[in-house]
Protein chains: 2
Amino acid sequence: MHLHQEEHLRSSDFITDAVIGMSDGLTVPFALAAGLSGSVDSNVVIITAGIAEIVAGSIAMGLGGYLAGKTEQEHYQAELQREYEEVEKVPEREKAEVKLIFAEYGLSPEAQHTISEALAKDKDRWVQFMMKYELGLEEPHPKRARNSAATIGTSYAIGGLIPLLGYVVSDTPRQGLVISAGLTILCLMMFGYFKSKMTGQPPVAGALKVTLIGVAAAAAAFLVATAFNSLV
Amino acid sequence: MHLHQEEHLRSSDFITDAVIGMSDGLTVPFALAAGLSGSVDSNVVIITAGIAEIVAGSIAMGLGGYLAGKTEQEHYQAELQREYEEVEKVPEREKAEVKLIFAEYGLSPEAQHTISEALAKDKDRWVQFMMKYELGLEEPHPKRARNSAATIGTSYAIGGLIPLLGYVVSDTPRQGLVISAGLTILCLMMFGYFKSKMTGQPPVAGALKVTLIGVAAAAAAFLVATAFNSLV
């Protein structure tokens with residue numbers, strides 16, 4: 001097997017993951033703290049809840065991402081082995097599958113035949129072709145998934161601490177909410193901007209979307225938690 | 001444009017989304033409530049925090065998913081238009097790109113020529129081929145993303161209410177934690193099992209993974225929140 005492998009993870013992957021984790025981390029812990037600000041009268045309780053959420057969220061994201069990456073890797077290897085067995089045992093059926101892919105694009109039976117015979121000359125390349133074009137699977141980078149999960153989890157934690165700062169430097173939940181909201185909205189805009197730039201989306205629209213999600217989540221959490229608390 | 005569109009969303013998509021949302025919803029609200037159980041002495045505060053988290057999480061997930069779906073749709077349409085313009089204005093360069101794809105699989109220049117000429121006969125099919133095989137883009141279903149986001153968000157909320165039940169039916173956070181943990185671990189195993197079955201993974205391993213993530217997140221949140229609270 002001479003499958004292509006990127007030996008060096010690009011540093012932009014790291015930055016993209018960090019920005020995604022941070023803008024997500026700014027959203028839910030901010031909304032949770034905001035939600036509690038209308039119904040809890042202690043900043044310590046709000047900060048404790050925020051910290052518990054950050055730990056829970058970053059572990060769920062980090063460990064979840066890591067295990068999902070391993071599953072993807074196992075799935076790829078299992079399918080790869082199956083394709084190798086198939087080109088070995090039922091080469092005519094595999095050739096027919098290649099032809100079918102190109103029949104869908106209106107190629108003549110002669111052209112289909114040319115392609116399937118040419119691909120069949122080299123088993124490694126044939127299998128690679130089937131993996132990518134029949135099954136739509138790209139080989140997952142062995143370290144990419146776990147690195148990505150760790151980066152996103154860590155940045156989620158760092159992003160989540162920003163909204164809590166407002167409650168650390170103030171005396172009441174209401175004051176905390178005002179400072180936290182100002183700080184978080186500023187950061188959401190910045191991170192939404194960079195996140196969109198790095199994933200090739202229009203940055204201003206992206207900044208507004210990320211901020212809108214954060215503010216909507218915080219407002220809804222505040223309203224529902226306050227309503228619940230006035231009932232009990 | 002005669003692009004293939006699935007008119008009817010498969011009901012299994014709905015079930016998969018519901019199970020994913022529910023197993024995620026069981027994880028973070030459970031861990032948050034568990035985290036608070038060592039440092040807060042009122043079940044009402046824990047339930048309020050849980051409700052705020054559920055509202056925040058399901059809006060972040062639902063609205064986030066909806067906006068991401070719209071962005072993906074816009075991206076696909078923009079690339080589609082660009083490919084149509086390219087096959088119109090620089091057909092020779094597009095043919096060279098098709099040849100390059102097959103050169104990588106070791107096909108002879110003659111075979112490459114046959115394919116690129118055959119594809120070039122029908123512009124719609126040619127563009128479809130470039131979208132899928134050059135750019136790796138599949139047309140996103142117009143309603144799939146928003147339906148999926150709504151289903152995942154709603155199931156997250158339903159899943160999140162399960163761990164809170166333990167605190168509703170008990171008098172102290174410690175009692176609540178025991179009932180909540182028992183109930184949630186049972187549900188995590190069930191949903192991990194179904195989630196894996198539906199995404200084609202080994203179900204028992206999947207059930208253990210989902211449960212492990214939930215328990216690890218809850219244990220870590222409990223330890224960190226308790227440690228923080230003993231410091232202030």
Side-chain angles (χ1 to χ4, degrees), chain A residues 24 27-28 30-32 34-36 39-40 44-45 47-49 51-53 55-57 59-60 63-64 67 71 75 102 104-108 110-111 114-115 118-119 121-122 125-126 128-129 132-133 136 138 200-201 206 209 212-214 216-218 220-225 228-229 232, chain B residues 24 27-28 30-32 34-36 39-40 44-45 47-49 51-53 55-57 59-60 63-64 67 71 75 102 104-108 110-111 114-115 118-119 121-122 125-126 128-129 132-133 136 138 200-201 206 209 212-214 216-218 220-225 228-229 232:
Chain A
D24 283 359
T27 304
V28 179
F30 164 55
L32 170 65
L36 290 175
S39 43
V40 164
V44 172
V45 171
I47 296 167
T48 307
I51 288 175
E53 206 287 331
V55 172
I59 287 189
L63 192 57
L67 293 176
T71 303
H75 179 60
F102 292 99
E104 277 176 24
Y105 290 97
L107 265 65
S108 68
E110 293 74 34
T114 309
I115 301 171
L119 272 177
K121 279 184 195 147
D122 180 329
R125 282 169 166 164
W126 192 10
Q128 278 179 55
F129 181 87
K132 190 163 173 190
Y133 295 123
E138 302 261 9
Q201 315 300 335
K209 276 181 196 173
L212 170 70
I213 296 169
F222 182 89
L223 291 175
V224 175
F228 169 75
N229 238 55
V232 290
Chain B
D24 283 358
T27 304
V28 179
F30 164 54
L32 170 65
L36 289 175
S39 44
V40 164
V44 171
V45 171
I47 296 168
T48 307
I51 288 174
E53 206 287 333
V55 172
I59 287 189
L63 193 56
L67 293 176
T71 302
H75 180 61
F102 291 99
E104 278 176 25
Y105 290 97
L107 265 65
S108 68
E110 293 75 35
T114 309
I115 302 171
L119 272 176
K121 278 184 198 149
D122 181 330
R125 282 170 167 164
W126 192 9
Q128 277 180 57
F129 180 87
K132 190 164 173 192
Y133 295 123
E138 302 261 9
Q201 314 301 333
K209 277 181 195 171
L212 171 70
I213 296 170
F222 182 89
L223 289 175
V224 175
F228 168 76
N229 238 55
V232 292

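Below, read A as the first sequence line, B as the second, and so on, with proteins coming before strands; counting in each chain starts at 1. Only heavy atoms go into these numbers, but all of them, side chains included; no hydrogens, no water, no symmetry mates.
- Across every non-hydrogen atom of G64(A) and I213(B), the tightest pair is CA-CD1, 3.6 Å.
- Nearest heavy-atom pair across A225(A) and A52(B) is CB-CB, 4.3 Å.
- Neither the backbone nor the side chain of D122(A) comes within contact range of chain B, judged by heavy atoms closer than 4.5 Å.
- Minimum heavy-atom separation, A111(A) to T114(B): CB-CG2, 3.8 Å.
- In terms of heavy-atom pairs under 4.5 Å with chain A, the best-connected choice from I47(B), D24(B), L223(B) is I47(B).
- Summarising the geometry of V44(A) relative to F228(B), their closest heavy-atom pair is O-CE2, 4.2 Å, with the distance given to 0.1 Å.
- Proximity to chain B is absent for every atom of K121(A), based on heavy atoms less than 4.5 angstrom apart.
- Looking at every heavy atom in both residues, A49(B) comes nearest to L32(A) through O-CD1, 3.4 Å.
- Looking at E110(B), there are no atoms closer than 4.5 Å to chain A (heavy atoms on both sides), in backbone or side chain.
- Note on ring orientation: taking the six-membered ring where Trp is involved, the planes of F102(A) and F129(B) are tilted (angle from 30° to 60°).
- Considering every non-hydrogen atom in both V28(A) and A60(B), the closest pair reads CG2-CB, 4.0 Å.
- Heavy atoms of S39(A) lying under 4.5 Å from chain B belong exclusively to its side chain.
- Proximity to chain B is absent for every atom of E138(A), based on heavy atoms less than 4.5 angstrom apart.
- Annotation: maximal heavy-atom pairing with chain B below 4.5 Å, among G206(A), A217(A), G35(A), occurs at A217(A).
- Heavy atoms of V232(A) lying under 4.5 Å from chain B belong exclusively to its side chain.
- Proximity to chain B involves both the backbone and the side chain of L67(A), based on heavy atoms less than 4.5 angstrom apart.
- Of the two parts of Q201(B), only the side chain, counted from C-beta on, holds a non-hydrogen atom closer than 4.5 Å to a non-hydrogen atom of chain A.
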